[in-house]
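Single-structure report; data block below.
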Amino acid sequence: MSYLEATNELYKNAALTPDVGLCCTTNPIWQFPGLSVPKIMQEMNYGCGSTVSAQDLVNNPKVLYVGVGGGMELLQFSYFSRQTGGVTGVDVVDEMLEASKENFKIAEQENPWFKSEFVNLVKGDALRLPIEDESIDVAAQNCLFNIFKTEDLKKAVSEMYRVLKPHGRLVMSDPTCEQPMNETLRNDDRLRALCLSGSIPIKDYVKVLTDAGFGTIEIRARKSYRVLSPNHYPTDDLIFIESIEIAAIKDPMPKDGPCIFTGKTAIYYGNEEYFDDKNGHVLMQNQPLAVCDKTASALQKSNSEIHISDSTWHYNGGGCC
């Protein structure tokens, strides 16, 4: 059995018998005004964060969500795209698609505004999406891509890039790990399917996105997720795993490389009213400006009267680039 088959089997069982602790998130369940998330959807929330952000979801966007889980985030996306087929959910596991379909019937009873026809459930593979080129405004996945091994991860990201419209957004939440993992952990198909041993460093995760062509990367959150301890897992060292929430925007790639926002800000504190670096960045006196990492480095070198904050690993747009 391949690691992907092992993954499909695990989530088939999770669809038939909801497993509340399968992929526990520390995020709150977003309850927007007039939105009720059915209990069964919360129990089948097999994500490690959230991919639903109002800032991404304007003007009735066409949304793609890969790996449907119990349908919770599909319902949340529908809140912002109340149109027939406004949200497409793709999953390779028949049982998960069927469970989501049944959960939407409950959601209709709890939410007068919601209709199941807002969501189009499609059987498909993240590595070969059954979606037209450049037809999607916002694509999302939650705690799925970390399962993929390197070459499959590249394929999945490339497929998301293909289906997004220019300036469209790929919004994701996945476990990451900065420490090395031994081969026993890496090759354990069940631990990979459980969103543990496939975790990679953030810089490697970001590189897959930029190699696919995404010109802007926003790291929006970085949170504690799990530990792999020697008394429970085949490891000699305690391994700390975090989850990140990240957006990759299909902007043109800048000549000097991608804009990667990790939550840094620049503050000019000199005696002039403002500082203009002549590269499109104007810093008003003592006013913080969110800047990407490469701009932060350039500004720090250009003027000794600019304070650059450390990465906060929290970014919600509105910066320099």
Side-chain angles (χ1 to χ4, degrees), residues 1-15 17-28 43-51 66-67 69-70 92-93 96 126-127 141-157 172-211 217 219-246 248 260 262-263 310-314:
M1 180 183 294
S2 72
Y3 85 95
L4 291 176
E5 290 172 330
T7 300
N8 294 344
E9 185 66 21
L10 186 147
Y11 285 95
K12 171 186 173 180
N13 294 332
T17 305
D19 186 349
V20 177
L22 179 63
C23 194
C24 181
T25 172
T26 56
N27 264 41
E43 292 174 348
M44 296 178 68
N45 176 22
Y46 302 139
C48 61
S50 177
T51 62
V66 180
V92 73
V93 180
M96 198 64 81
L127 307 182
Q141 66 82 24
N142 194 335
C143 214
L144 170 64
F145 282 12
N146 76 99
I147 294 172
F148 293 138
K149 296 183 178 180
T150 302
E151 291 307 310
D152 287 337
L153 175 60
K154 292 177 180 178
K155 290 178 185 177
V157 170
M172 301 178 291
S173 179
D174 270 313
T176 59
C177 182
E178 302 303 318
Q179 298 167 262
M181 287 196 194
N182 62 49
E183 289 303 306
T184 301
L185 287 171
R186 289 292 186 202
N187 294 324
D188 188 313
D189 291 345
R190 179 171 174 79
L191 291 181
R192 185 173 283 273
L194 287 169
C195 302
L196 295 173
S197 64
S199 306
I200 60 176
I202 292 174
K203 65 178 179 59
D204 295 342
Y205 191 98
V206 168
K207 188 175 188 304
V208 173
L209 296 171
T210 56
D211 284 351
I217 308 294
I219 298 179
R220 295 177 170 177
R222 182 174 176 177
K223 305 173 182 178
S224 295
Y225 180 64
R226 292 286 193 278
V227 292
L228 304 182
S229 59
N231 57 319
H232 292 293
Y233 297 93
T235 173
D236 293 330
D237 302 307
L238 189 73
I239 297 175
F240 175 53
I241 301 176
E242 298 173 290
S243 69
I244 60 168
E245 294 172 12
I246 189 167
I260 301 172
T262 64
D310 293 335
S311 295
T312 63
W313 306 103
H314 180 86

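All values below were derived from every heavy atom in this structure, side-chain atoms included, with hydrogens, water molecules and symmetry-related copies excluded.
To the nearest 0.5 Å, atoms SG (Cys48) and CG (Leu144) are separated by 10.5 Å. Taking CD1 of Ile147 as the start and CG of Asn8 as the end, the distance is 9.0 Å to the nearest 0.5 Å. The CG atom of Asp174 sits 9.5 Å away from the CZ atom of Phe148 when rounded to the nearest 0.5 Å. For the atom pair CD1 (Ile246) and OG (Ser173), the distance works out to 10.0 Å, reported to the nearest 0.5 Å. With rounding to the nearest 0.5 angstrom, the CG atom of Leu4 is 6.5 Å from the CG atom of Leu127. Distance check, rounded to the nearest 0.5 Å: NZ of Lys203 to OG1 of Thr210 gives 12.0 Å.
In this structure, Thr7 and Ala193 approach most closely via the heavy-atom pair OG1-CB, 3.5 Å. The minimum heavy-atom distance between Tyr225 and Ser243, with the atom names listed, is CB-N, 3.7 Å. Closest approach of Arg226 and Leu196 over heavy atoms only: CG-CD2, 3.8 Å. Between Lys223 and Ala221, the shortest heavy-atom distance links the atoms CE-CB, 3.8 Å.
Side-chain atoms of Asn45 do not come within 3.5 Å of backbone N or O of Gly70 as any donor-acceptor pair. Although no hydrogens or angles enter the test, the distance criterion places no donor-acceptor pair under 3.5 Å between the side chain of Asp204 and the main chain of Ile200. In this structure a side-chain-to-backbone donor-acceptor pair under 3.5 Å is present from Glu178 to Ile202. Checking side-chain atoms of Thr312 against main-chain N and O of Gly263 turns up a donor-acceptor pair under 3.5 Å.
Under the salt bridge (Lys or Arg N to Asp or Glu O under 4.0 Å) criterion, Arg192 pairs with no residue, sequence neighbours left out. Partners of Ser197 under the side chain to side chain donor-acceptor pair (under 3.5 Å) rule, at least two apart in sequence or in another chain, do not exist in this structure. In terms of the salt bridge (Lys or Arg N to Asp or Glu O under 4.0 Å) criterion, residue partners of Lys207 (sequence neighbours excluded) are, by chain and number, Asp211. In this structure, the side chain to side chain donor-acceptor pair (under 3.5 Å) partners of Thr262, at least two apart in sequence or on a different chain, are Asp293, Ser311. Applying the salt bridge (Lys or Arg N to Asp or Glu O under 4.0 Å) criterion to Glu151, with sequence neighbours excluded, gives Lys154. In this structure Lys149 satisfies the salt bridge (Lys or Arg N to Asp or Glu O under 4.0 Å) test with no other residue, sequence neighbours excluded. Contacts of Lys12 classified as side chain to side chain donor-acceptor pair (under 3.5 Å), with partners at least two apart in sequence or in another chain: none. Applying the side chain to side chain donor-acceptor pair (under 3.5 Å) criterion to Asp152, with sequence neighbours excluded, gives Tyr3. Under the ring pair (Phe, Tyr, Trp, His ring centres under 6.0 Å) criterion, Tyr205 pairs with no residue, sequence neighbours left out.
More than 12 heavy-atom neighbours from other residues, nucleotides or ligands sit within 6.0 angstrom of CZ on Arg186.
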Under 3.5 Å, sequence neighbours excluded: what are the donor-acceptor pairs made by side chains of residues 231-242?
| residue | atom | partner | partner atom | Å |
| --- | --- | --- | --- | --- |
| Asn231 | OD1 | Ser229 | OG | 2.7 |
| Thr235 | OG1 | Asp237 | N | 3.2 |
| Thr235 | OG1 | Asp237 | O | 2.8 |
| Glu242 | OE1 | Arg222 | NE | 2.8 |
| Glu242 | OE1 | Arg222 | NH2 | 3.1 |
| Glu242 | OE2 | Arg222 | NE | 3.3 |

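Between Pro175 and Cys143 there is a side-chain heavy-atom pair separated by less than 4.5 Å.
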